[in-house]
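The shown structure was predicted, so the numbers you read here are calculated from the model rather than taken from an experiment. Below, read A as the first sequence line, B as the second, and so on, with proteins coming before strands; counting in each chain starts at 1.
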Amino acid sequence: MSHLKINRVEKNYGAFHAVKGVSLEVEEGEFVVMVGPSGCGKSTLLRCIAGLEPITSGTITVGDHDITRAEPWDRGVAMVFQNYALYPHMTVRDNMGFALKVAGRPKAEIRAAVDKAAQTLRITEHLDKKPKALSGGQKQRVAIGRAITRAPEVFLFDEPLSNLDAALRSQMRVELGRLHNQLGATMIYVTHDQTEAMTMASRIVVLNGGVIEQVGTPLELYNKPESLFVAGFLGSPRMNFFDGRVLESRGRELSVEIPGMPGPVVVPLDDDVPVPQPGAQVRMGVRPEAVTLGGALELSVALVESLGRETLLYLEGGGLRTVDSESAEGFVAVQLPSQHQLRVGEPVKVGWDPASLYLFDDSGRRLATPDPGVPGRVWAGGGWNRPQGRARRGPTRLWRARRPGAGAG
Amino acid sequence: MSHLKINRVEKNYGAFHAVKGVSLEVEEGEFVVMVGPSGCGKSTLLRCIAGLEPITSGTITVGDHDITRAEPWDRGVAMVFQNYALYPHMTVRDNMGFALKVAGRPKAEIRAAVDKAAQTLRITEHLDKKPKALSGGQKQRVAIGRAITRAPEVFLFDEPLSNLDAALRSQMRVELGRLHNQLGATMIYVTHDQTEAMTMASRIVVLNGGVIEQVGTPLELYNKPESLFVAGFLGSPRMNFFDGRVLESRGRELSVEIPGMPGPVVVPLDDDVPVPQPGAQVRMGVRPEAVTLGGALELSVALVESLGRETLLYLEGGGLRTVDSESAEGFVAVQLPSQHQLRVGEPVKVGWDPASLYLFDDSGRRLATPDPGVPGRVWAGGGWNRPQGRARRGPTRLWRARRPGAGAG
Amino acid sequence: MTDMSRQTGATPTWYGRIAASQSMLVLPALVLCTLFIFIPAFLTIVGSFYAFGLTSERWTPVGLANYVKAGNDPIFWVALKNNLIIVFGSIVMQVGIGTVLAAILDRGIGFGQVFFRVVIFMPMVISAVAVALIWLIILDPNIGILNALVKSLGLSPPTRGWLGDPSISIWMVLIVAGWQYTGFMMVLILAGLQAIPKDLYEAAALDGARGMRAFWSITLPNLRNVLLVAVLITTIGGFKVFDLIFVLTGGGPANATQVLGTYIYLQAFTLTNMGYANAIAVVLLAIAVLLGWLQLKASRQS
Amino acid sequence: MTHFAPRFRIVQALLYGFVGLWSAFVLMPVAWMIFAAFKTRREIFTDPLGLPGQWTFDSFRRAWGVGLGQFMFNSVVVTTSAVLIILLVSGLAAYVIARSRSVWMKLLYLLIVAGFAVPNNAVIVPLYQMVTAADFGNSHFGIVWVYAAYGIPFTTILFFAFFLDFPRELEEAARLDGCRPWAVFFRVVMPLSGPAIASAAIFQAVFIWNEFLLALLLLTQPDKKTLPVGILQLQGEFTSDWPAVMAGLSIATLPIILLFLILQRSFVRSLAGLGK
Amino acid sequence: QDIKMWTLETEGLQGFIEQAAAEFEEQHPGVNIIHERFPNEAYKTQIQVALTGSSPPDVFFNWAGEDAARLVRDGLAADITEYGQAEGGFAENVSEGWLANFAYEGSNYGVTHEGVSKYFYYDPVFFEDHGLEPPETFEGLLQLCQDIRAIDSDIVPWPLGNSERWKLNHIITMLNQRVLGTEATAADYALTAPEDELFTDPGYVEAWQKVVDLMDAGCFQDAPNATSPEASRSMFAAGVSPMIYCGTWCANIFAEEGFDSFEMFRFPSVEGGAGDPGGQFLVPQGYMVSAKSENPELAAEWISFLVSDEQARAYAEQVGSIVSNAAQIDQVEGTRWFKFFVEDIAQASETVNVLDVLLEASVANAYLDAGVEVLNRTKTPEEAMEMIRAAALEAKNG
Ligand SMILES: Nc1ncnc2c1ncn2[C@@H]1O[C@H](COP(=O)(O)OP(=O)(O)OP(=O)(O)O)[C@@H](O)[C@H]1O
Ligand SMILES: Nc1ncnc2c1ncn2[C@@H]1O[C@H](COP(=O)(O)OP(=O)(O)OP(=O)(O)O)[C@@H](O)[C@H]1O
Ligand SMILES: [Mg+2]
Ligand SMILES: [Mg+2]
């Protein structure tokens with residue numbers, strides 16, 4: 001049986017529906033990350049679980065207990081707030097022990113619990129300081145410590161790292177992961193940082209406009225997004241999207257015309273989707289890392305970002321424009337996992353494996369997603385230059401060979 | 001002649017020396033990024049250039065003018081502040097035109113300048129709003145616009161993007177790059193975000209404790225850090241460092257003993273450094289992306305972070321511990337540019353090309369840096385299994401082939 | 001105010017320039033304060049060592065005699081005691097009730113917040129003279145509504161009158177002062193309450209503290225600085241009080257409501273003992289300066 | 001805002017009750033003052049609790065005849081000019097002190113703070129003698145400076161704290177934009193000191209509008225008197241004409257209450273700055 | 001030339017001064033009279049403060065008594081004897097006796113303009129209805145109170161508004177005179193009595209005891225110390241109380257409040273008292289000239305003008321006051337009560353000045369406070385006198 005069960009929870013603020021019937025089951029010890037654009041209801045849902053907001057309808061159970069109407073402190077949940085919400089007038093020790101003190105536990109027990117949590121979080125030497133004497137990372141640790149001492153059944157985190165700087169964030173990320181392993185507790189974690197989501201989650205919940213778009217492991221979501229929204233949401237730089245029109249279908253392969261592309265693009269459809277009619281509007285997606293140098297598409301460099309270990313290229317080319325991309329100009333983003341010396345304006349040829357393409361219909365539903373098991377061939381401009389039929393998913397291999405040097409196929 | 005010339009500038013706050021004799025020349029149109037740890041004096045130096053702080057000694061010239069003692073408004077510099085510093089009581093238009101208004105320029109000229117800048121920054125439709133009605137990104141654009149209208153000789157930026165969220169930051173990064181190309185102005189940019197530094201800079205200045213550690217292009221710094229500090233500063237996750245002891249030297253190759261490593265490690269020394277004595281303490285570095293799967297070193301997985309397009313592994317192994325790393329546990333960080341399904345605790349074998357190794361002496365000075373031109377061989381546990389002598393630097397190639405599948409050499 | 005330390009030790013240009021040439025700009029303030037505050041204060045201190053009448057130009061040096069006289073003057077001690085009663089009474093009443101009202105307005109009630117806030121604050125803007133006159137008539141034993149009210153409740157009002165009974169009158173003064181200033185304290189504290197981050201309460205709710213427990217554990221400690229300011233304003237106000245008592249009771253009946261402020265006035269202008277009045281004024285001055293210094297210290301700490 | 005479960009309803013009713021009771025306590029005297037102004041002399045005496053039998057403005061006319069209009073005008077003149085002087089003088093002083101790093105300025109600040117503690121009734125005689133010696137008696141011009149002097153310490157403290165917290169970047173941006181020190185102060189700092197200016201102005205306006213002792217001693221000419229002194233005069237003037245006294249008080253009080261009602265939002269908000 | 005004049009806020013005064021000033025200015029081209037008025041309570045302070053300042057009023061109102069004497073001692077009042085002697089000067093119009101009120105060591109420092117007195121006012125209709133008579137003696141007064149209470153115990157026979165402390169002071173002034181007589185008190189009042197005799201006469205205690213007797217007889221209402229003089233007047237004027245002891249100035253006020261059918265009687269005599277029962281309460285008040293005045297001569301001329309026959313008559317007519325220049329008093333078209341006052345005072349065998357004006361300030365203050373305490377019954381008559389004696393001793397020595 002699942003540990004935390006959210007059943008058709010709705011939350012209205014007056015006429016505004018912030019959460020629209022969300023159901024979710026979380027197993028014991030899972031680390032569930034909720035992501036979604038700002039205002040999609042992540043915090044609201046979390047606060048409903050914590051009991052800080054009464055829900056409009058639905059039920060929430062933890063273990064066997066229906067906690068839908070329970071008081072916050074009776075729910076066995078602890079919450080870590082974005083801006084820490086430490087009690088400024090108490091020492092770190094008192095902050096962490098406050099819940100136990102309110103519960104009337106003996107002093108020795110409180111002391112032991114606090115000391116243990118402090119050790120876990122490596123803040124023992126700060127126990128007698130006031131919060132304002134701590135750095136951001138330390139404060140965040142105290143906030144987590146406050147949750148730990150209560151030994152709750154479920155931890156709730158609302159963007160706990162977003163006030164920290166990049167280096168500290170990645171460090172705290174690692175620590176939180178370790179902590180989760182160590183405590184084995186159920187955690188629900190809200191963030192808008194996809195790196196956090198991808199790296200920490202056992203499962204990611206993508207919320208959009210108060211409803212769940214998709215739930216799955218990070219790689220499931222990355223590789224097989226159910227919708228355009230999820231596809232665009234994960235990955236940075238974003239997936240390159242191109243608007244196109246279906247030309248014809250041959251079996252489960254679709255030929256799509258994309259303005260600015262020298263010829264039609266062939267996309268192998270997923271098995272479980274209906275084949276769209278010719279003339280239908282579709283949106284094709286290709287991830288920046290799936291675009292490789294060499295290929296039939298000739299573009300020119302608009303911007304190079306050398307990050308040392310990887311290089312981001314932003315390419316522009318005649319009529320070919322991405323839609324809904326990070327750069328307002330509709331550049332094609334390319335991520336290369338090595339250093340390159342390219343100059344702005346320089347022409348480059350790129351291509352991609354048709355098996356790495358994504359395709360969505362005009363309502364944003366998935367038509368095609370890449371098959372990570374099959375090393376595809378590089379698309380080389382028009383035509384059906386691959387054996388008919390798409391290879392079924394083979395055994396998952398540890399990594400996909402990259403052959404960046406390979407030219408037009 | 002260089003455009004901005006900083007000559008042995010010192011800045012003391014009472015007994016505290018914030019900037020200790022910094023000299024730097026910036027060419028016209030360059031984009032110089034200053035990075036360094038918090039408190040190293042980046043902002044102080046910038047403010048000295050702007051004239052907001054009087055310098056203790058040294059000179060600053062812009063073009064032919066010695067501006068060391070000039071008033072801020074006479075220096076031909078404009079500054080963009082971290083938290084925008086927009087005048088809250090003025091509309092966007094007035095904010096941007098304020099400098100010209102103070103200078104007593106005719107209304108029409110102000111209008112034209114503001115309109116032009118607004119167009120460049122795509123904020124024309126917000127010109128009549130007050131700053132508080134704008135989003136963070138828009139505010140930052142207005143702050144930049146305020147600098148642009150003054151048409152300064154030098155733009156100064158002090159962490160202009162650090163208050164923005166990740167997505168907006170990468171978008172603004174692209175825009176700033178475009179703007180720099182468009183205006184061709186000299187820009188000095190302070191940041192603590194290394195992605196910004198790597199992607200935007202023509203040259204990076206690494207400051208540490210009030211002195212310049214190194215100046216160079218991003219890739220120079222990444223590939224050939226002069227010091228341990230610079231090597232550790234650029235790259236995320238950080239370079240893996242191992243403490244070791246020199247066993248012996250054979251020509252310009254050094255055999256280093258590293259605790260926890262099954263055998264001595266052979267590192268080809270750079271040409272221009274003295275060969276250290278046997279027994280000397282050294283620190284060896286290897287970048288997470290230089291560690292490849294397969295090899296003679298057997299470690300186990302401590303943590304996996306799947307980012308979709310890349311996978312970060314944190315490995316632990318017996319006595320082998322990295323020092324000064326992001327994770328306090330001394331894990332070895334490995335970055336793989338593809339998806340991998342690894343479980344925590346699973347054993348993995350890794351190795352690296354000796355030519356990709358960094359070595360520093362005990363004062364942190366460079367002894368060995370990788371030669372990006374030579375695809376090295378994978379180290380496979382002890383011995384000298386590579387042809388004697390290190391290959392000289394060949395012609396720089398666009399990318400280095402990765403052969404992740406290759407086993408022990 | 002902790003910023004002061006951050007600026008120290010730097011070599012100034014801009015701000016230094018202000019310090020040097022623009023320091024002239026503090027002159028108007030300095031001159032006005034010196035002329036109308038410091039010199040009179042100085043003369044008051046000097047005068048406290050002399051005996052002289054309001055209208056006489058002969059000053060007889062008497063050393064500390066005026067202070068000795070104050071020490072032996074029961075009315076001086078009554079006045080000081082009354083000041084203390086007003087100070088502590090006001091703290092209890094104005095700050096205490098103000099805090100309760102503010103807490104209720106902040107979290108306890110759903111609507112009507114603005115209405116209540118405005119109404120309760122309103123007396124603050126009315127002149128103390130007007131307040132005293134209104135209350136003077138309300139408390140009048142013959143035509144006042146308080147008597148009428150009390151009688152209509154079947155009780156009997158004090159026979160010597162609300163302001164005529166020495167054991168009651170000082171408390172009536174306290175009530176009138178409370179009537180006027182409680183709203184001010186309430187708004188001050190309300191502002192402090194609203195500055196407490198809401199998520200502290202949420203964290204406390206998750207920790208099991210709600211209602212009174214949250215009030216004691218979260219609200220009050222976080223309100224500490226604001227309460228300190230409120231207490232100090234009330235204290236200084238309590239020592240400075242003059243108009244209200246002057247009009248309401250004139251210090252009577254039989255000095256029962258005399259405070260330092262009115263006693264200075266009585267000694268100086270009615271009894272024309274200027275030297276003695278000055279000595280009392282110096283006591284008041286010393287208390288006020290001490291409290292001002294405390295306030296400065298307290299706000300430094302926050 | 002957290003929600004309230006049903007069992008909080010009773011508590012909430014109690015809370016409303018308390019606030020309501022206090023509001024009634026506050027409102028009652030004011031309401032009574034207005035009703036009394038409409039009563040006849042006899043009614044006040046015979047029926048203190050009842051409503052006035054007739055709503056006539058006779059007593060208002062009598063009260064106004066004393067010259068309340070003149071008093072009010074005087075109060076407005078004195079209050080506005082003194083407040084303006086206080087704001088300007090204290091603003092400049094506080095800015096200079098807040099931005100100065102000199103020890104002298106810090107001492108000066110302490111001196112001014114000490115001035116805050118000096119109650120004017122403690123120093124009234126020397127003060128009176130100095131003021132009349134300067135021939136400032138019976139002159140609005142004169143009393144304005146005295147009021148200004150007593151308003152400066154408090155306002156300087158208020159502004160000083162505000163300027164210390166004033167975002168330094170804004171001033172620096174202005175300097176880079178070409179502002180000379182004066183321009184920085186008047187074009188950037190002052191316009192953004194709205195909350196501090198508002199709370200200082202409101203405080204001083206209330207203090208000065210209601211100031212009694214100095215006005216009593218210094219403004220003796222009938223056409224120079226300010227409201228508080230004028231109000232007190234009502235009592236002497238009308239001996240036992242309570243309706244007229246109450247009408248006069250109503251006339252004197254209602255404008256400032258109305259002003260407060262209009263400005264209450266910024267008034268109350270600006271107080272928030274004082275708490276911190 | 002400006003002549004600044006300070007007076008109390010008295011009904012009818014302003015109109016009179018305006019008209020007088022107009023005439024005076026006509027006679028003296030270039031002269032400008034500036035008239036400023038003050039409420040009773042604040043005036044004492046203000047005039048003293050003003051006189052020590054640099055621009056005091058040229059002419060100012062004052063009560064004859066200790067305050068005026070101190071001003072003379074401190075050199076703040078100008079000696080105007082010679083101006084009075086001049087042609088048309090005040091000495092021509094005001095008798096020596098009246099002038100003596102402001103004369104010190106043979107010099108005139110001021111001119112008495114008028115005198116105010118106090119009487120019992122009563123409602124003749126009420127008295128008639130219940131068969132009551134104005135009392136002749138103090139015993140009769142006590143009996144009267146008891147009789148009225150007997151009619152209806154809620155009726156306050158004699159409202160006393162002592163919140164400003166001077167109301168009872170006027171009563172005790174009269175009681176002292178009635179019990180002790182003028183001679184017996186003179187040395188005490190002037191603080192010239194030897195220390196061990198100062199205010200030791202048992203008559204002082206007896207006078208206070210008479211106040212207690214009045215309270216015991218139910219004369220006053222419950223809270224005299226909390227009742228303002230105005231309120232007590234209203235009680236009489238509104239017909240709630242049948243009598244009141246009030247100043248000559250009260251008559252006009254009652255009339256204005258719509259009650260003008262009152263009658264008056266004198267403060268009754270005390271059996272066995274040493275005082276002259278013909279003695280009558282009279283507070284002389286007049287004008288003084290500031291020593292700092294730049295135009296003492298002109299100021300004195302203005303005062304002389306005010307007490308000239310014509311102006312005195314006009315003043316009596318407009319204000320209904322007992323003027324010091326009684327030359328034309330017969331021709332005054334006065335009210336019924338004005339005529340009564342003038343005639344009655346003319347018969348007075350001696351005049352009694354009120355204690356709070358007559359005594360040294362701190363002794364006066366002690367007397368005022370003692371009154372409050374006795375009324376509150378917080379001090380017995382003996383204790384009250386202890387308090388006064390202590391103040392007197394200190395004033396004499398300090
Ligand atoms: N107390 C409230 N009253 C009315 N609407 C509210 C309230 N709280 C939140 N909302 C609305 O509910 C929606 C969801 O808010 P929520 O805070 O859950 O978003 P979020 O996903 O956490 O966003 P973010 O990433 O910005 O934190 C928003 O549109 C918000 O405006
Ligand atoms: N006004 C000042 N008075 C005294 N010390 C100062 C002052 N301003 C800065 N410092 C000190 O100078 C050093 C450099 O500060 P600076 O602001 O230049 O650092 P930074 O490199 O910009 O750091 P960050 O990345 O945190 O912005 C710090 O140690 C700081 O404490
Ligand atoms: Mg949120
Ligand atoms: Mg900085």
Task: Smallest separation among heavy atoms of C:L133 and D:M246, with atom names - done: O-CE, 4.3 Å

Task: Student check: side-chain heavy atoms of D:L249 and C:I134 closer than 4.5 Å - done: yes

Return all side-chain donor-acceptor pairs below 3.5 angstrom for residues 111-119 of chain D, not counting sequence neighbours, or 'none' if the list is empty.
none

Open item on the list: Please classify the contact of D:I86 with chain C as side chain, backbone, both or neither, using a heavy-atom distance under 4.5 Å.
Closed with: neither

Task: Contact summary for D:V123 and C:A41, nearest pair of heavy atoms - done: CG1-CA, 3.6 Å

Task: Under 3.5 Å donor-acceptor, D:Y150 side chain and C:C33 backbone - done: no

Open item on the list: Heavy-atom pairs under 4.5 Å with chain D: which of C:V289, C:L27, C:I120, C:V282 has the most?
Closed with: C:I120

TODO: Kindly write out the residues that satisfy side chain to side chain donor-acceptor pair (under 3.5 Å) with D:T155, not counting sequence neighbours, or none if the list is empty.
DONE: D:Q204

Open item on the list: Tell me if the OH atom of C:Y181 is crowded by more than 12 foreign heavy atoms within 6.0 Å.
Closed with: no

Open item on the list: Between C:M186 and chain D, with a heavy-atom cut-off of 4.5 Å, which part of the residue counts as in contact: side chain, backbone, both or neither?
Closed with: neither

- [ ] Select all residues of residues 18-28 of chain D having any heavy atom within less than 4.5 Å of some heavy atom of chain C, and report them by number, or 'none'.
- [x] D:F18, D:V19, D:G20, D:W22, D:S23, D:F25, D:V26, D:L27, D:M28

Open item on the list: Less than 4.5 Å to any heavy atom of chain D: does that hold for the side chain of C:F246, its backbone, both, or neither?
Closed with: side chain

- [ ] Could you list all the side-chain hydrogen bond (donor to acceptor under 3.5 Å, both in side chains) pairs where at least one residue sits in residues 125-140 of chain C, not counting sequence neighbours?
- [x] C:D140-C:N142

TODO: Can you measure from CG (D:N210) to CE (C:M124) and round to the nearest 0.5 angstrom?
DONE: 8.5 Å

TODO: Mind checking the CZ-OH spacing from C:F36 to D:Y147? Nearest 0.5 Å is all I need.
DONE: 12.5 Å

- [ ] Please test D:L213 against C:Y265 for side chain to side chain contact (heavy atoms under 4.5 Å, CB included), starting from the C-alpha separation and ending with a verdict.
- [x] CA-CA 10 Å; D:L213 184 58; C:Y265 187 90; 3.8 Å; yes

Open item on the list: So D:P126 and C:I39, do their side chains get closer than 4.5 Å, heavy atoms only?
Closed with: no

Open item on the list: Please classify the contact of D:V131 with chain C as side chain, backbone, both or neither, using a heavy-atom distance under 4.5 Å.
Closed with: side chain

TODO: Taking the side chain as every heavy atom from C-beta outward, state whether C:V26 and D:L92 have any atom pair closer than 4.5 Å.
DONE: no

TODO: Under 4.5 Å heavy-atom distance to chain C, tell me which part of D:L127 shows up: side chain, backbone, both or neither.
DONE: both

Task: Which portion of C:I264 sits near chain D, non-hydrogen atoms under 4.5 angstrom - done: side chain

Open item on the list: Are the side chains of D:W32 and C:I137 in contact, using a 4.5 Å heavy-atom criterion?
Closed with: yes

Task: Interchain contact, C:F42 with chain D, by part (heavy-atom threshold 4.5 Å) - done: neither

- [ ] State, with a plain yes or no, whether a side-chain heavy atom of C:I145 is found less than 4.5 Å away from one of D:P29.
- [x] no

Open item on the list: Which heavy atom of C:L32 sits nearest to which heavy atom of D:A148, and what is that distance?
Closed with: CD1-CB, 4.3 Å

TODO: Heavy-atom distances under 4.5 Å only: say whether C:V283 touches chain D with side chain, backbone, both or neither.
DONE: neither

Open item on the list: Which atoms of D:L261 are under 4.5 Å from chain C, going by heavy atoms: the side chain, the backbone, both sets, or neither?
Closed with: side chain

Task: Engaged part of C:L30 at the chain D interface, taking heavy atoms whose separation is under 4.5 Å - done: side chain

